[in-house]
Colleague: 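Sharing a structure here in structure tokens format.
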Amino acid sequence: MGWQWREGSNPSDNLYCGTAGVLLSCAEVAGCGQQLLGPAGSAVAEAALARLHYLVESPDAADDVDAGLFSGWAGIVVALRAWAVASANGEAEAAARVAADRLADQVVAERYGDPCADIISGDAGTLLALLPVNSDRCQAAAEALVGRLIAAAEPTEFGPQWRMRPGYPSLMPGFSHGTAGVAYALAVAGVALDCAPAAELARRGADTLIALGRRSEGWAVPLQLPPKPDRPPVFYGWCHGPAGTGRLFAQLEATDGGEKWTGVIHECLGALERSGLPERRYPGFWDNVARCCGTAGLGSFLLDRCEVTGERRLLDWSQSLAVDVLNGTNARGVGASWSNIEYTAVNPLLAPEPGFMQGATGIAGWLARLHTFRCGERPVPVRLGVDPRWV
């Protein structure tokens with residue numbers, strides 16, 4: 001059955017904090033050279049792969065998890081596909097195809113819980129996991145998801161936006177739960193499925209974000225609309241800030257070309273520079289070092305951009321962030337781990353996590369890529385389907 005990883009005391013197989021995320025990180029490191037993965041990393045990858053194989057082969061396993069990209073079955077598809085690419089593993093590729101077909105069946109039969117649009121656990125993330133389509137079942141499911149996302153667009157004074165789920169009280173424009181992530185998925189699908197309405201709506205969603213981000217103190221999308229007095233007006237991580245939103249603009253730059261999207265990416269980078277991170281300016285400002293809400297997510301975005309432009313300053317910037325993260329490595333225990341901070345808690349230093357989006361494996365993948373770049377080499381990209389990296 002392999003190994004399962006835990007978020008706190010809860011075992012999980014998902015991409016965000018569990019087994020699939022561990023395998024995805026192993027794929028990212030392996031893409032930088034098998035010698036970086038090493039015997040211990042290879043053993044971890046084999047154990048994670050065995051667990052996901054067990055789930056795919058179990059006749060009822062797909063009914064026990066949701067369809068989400070970071071929360072459920074779609075993440076298992078992505079992790080298996082990534083490992084197949086990084087390790088030339090034919091069995092993993094075959095398992096990914098089986099898992100994708102089962103995911104498609106869930107989508108078509110609508111057997112996956114309450115409606116949700118976002119990239120974490122909703123239709124946008126599930127759509128990404130089905131691309132490229134490898135079967136008629138996946139084609140039908142992907143087209144159904146595109147249709148649902150188009151129908152879910154909500155007109156606002158700035159342009160179309162997406163709510164995390166129907167009736168949710170706030171709009172969160174960023175990548176994880178709102179407009180940036182949904183528009184990204186539609187942009188990718190517009191190319192993969194040759195769907196002009198999806199591509200056009202993605203551009204309109206990006207224009208909405210450009211308008212929302214125009215502020216007197218520099219460009220940055222709001223954390224949520226309407227704003228809440230107990231939350232900051234903007235955030236800077238992958239989940240709600242420029243490190244995530246910039247990925248939408250980079251996708252449109254790659255597919256559409258033109259100076260418009262390149263200019264907005266520069267504005268994203270400018271917002272990150274002006275923020276002062278990773279300095280913790282006040283409790284709650286920058287308390288996270290991981291991929292989702294913290295420094296590793298920004299460092300990964302900088303490497304992706306460096307891969308496109310070749311700008312040395314982006315590589316140096318990512319390196320400076322890595323130094324800060326390494327200075328915070330936990331000395332206790334075996335190997336390396338990191339803690340995030342919850343400043344409102346009695347004991348604000350949280351227990352280290354192993355997972356991809358909030359823990360050590362996600363940080364390790366970024367550090368491996370950074371090392372490879374600094375050695376003058378280019379990592380083998382872990383492309384998760386037809387889309388560029390979205391993590």
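Below, each value reflects all heavy atoms present in this structure, side chains not excepted, and no hydrogens, waters or symmetry copies.
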Colleague: If the threshold is 4.0 Å, N to carboxylate O, is there a salt bridge linking Glu28 and Arg291?
Modeller: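 Yes, charged N to carboxylate O under 4.0 Å.
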Colleague: Which atoms form the tightest heavy-atom contact between Arg163 and Tyr168, and what is the distance?
Modeller: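 Here Arg163 and Tyr168 meet closest at NH1-O, 2.7 Å.
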Colleague: For Ala129 and Val77, work out which heavy atoms get closest and say how close.
Modeller: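 It is O-CG1, 3.7 Å.
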Colleague: Kindly write out the residues that satisfy side chain to side chain donor-acceptor pair (under 3.5 Å) with His240, not counting sequence neighbours, or none if the list is empty.
Modeller: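 Per chain and number, His240 pairs via side chain to side chain donor-acceptor pair (under 3.5 Å) with no residue.
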Colleague: Any luck finding a side-chain donor-acceptor pair between Ser318 and Trp366 under 3.5 Å?
Modeller: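 Yes, side-chain donor-acceptor contact under 3.5 Å.
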Colleague: Between Arg313 and Glu273, is there a side-chain N and carboxylate O pair less than 4.0 Å apart?
Modeller: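 Yes, Arg313 and Glu273 are salt-bridged.
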Colleague: If I compare all heavy atoms of Arg203 with all of Trp261, which pair ends up nearest, and what's the gap?
Modeller: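 Closest heavy-atom pair between Arg203 and Trp261: O-CH2, 4.2 Å.
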Colleague: Could you pull out the closest heavy-atom pair between Ala141 and Leu130, with the gap in Å?
Modeller: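 Minimum heavy-atom contact is CB-CD1, 3.7 Å.
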Colleague: Hey, mind stepping through Trp238 and Phe301 against ring pair (Phe, Tyr, Trp, His ring centres under 6.0 Å) and telling me if it holds?
Modeller: CA-CA 8 Å; Trp238 173 90; Phe301 176 55; over 10 Å; no
Colleague: Quick one: do Asp304 and Arg247 make a salt bridge, cutoff under 4.0 Å?
Modeller: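 Yes, charged N to carboxylate O under 4.0 Å.
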Colleague: Can you sort out the partners of Glu253 under salt bridge (Lys or Arg N to Asp or Glu O under 4.0 Å), two or more places apart, ordered by chain and number?
Modeller: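 Here the qualifying residues are Arg305.
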Colleague: Between side-chain atoms of residues 223-231 and protein atoms elsewhere (two or more places apart, or another chain), which donor-acceptor pairs fall under 3.5 Å?
Modeller:
none

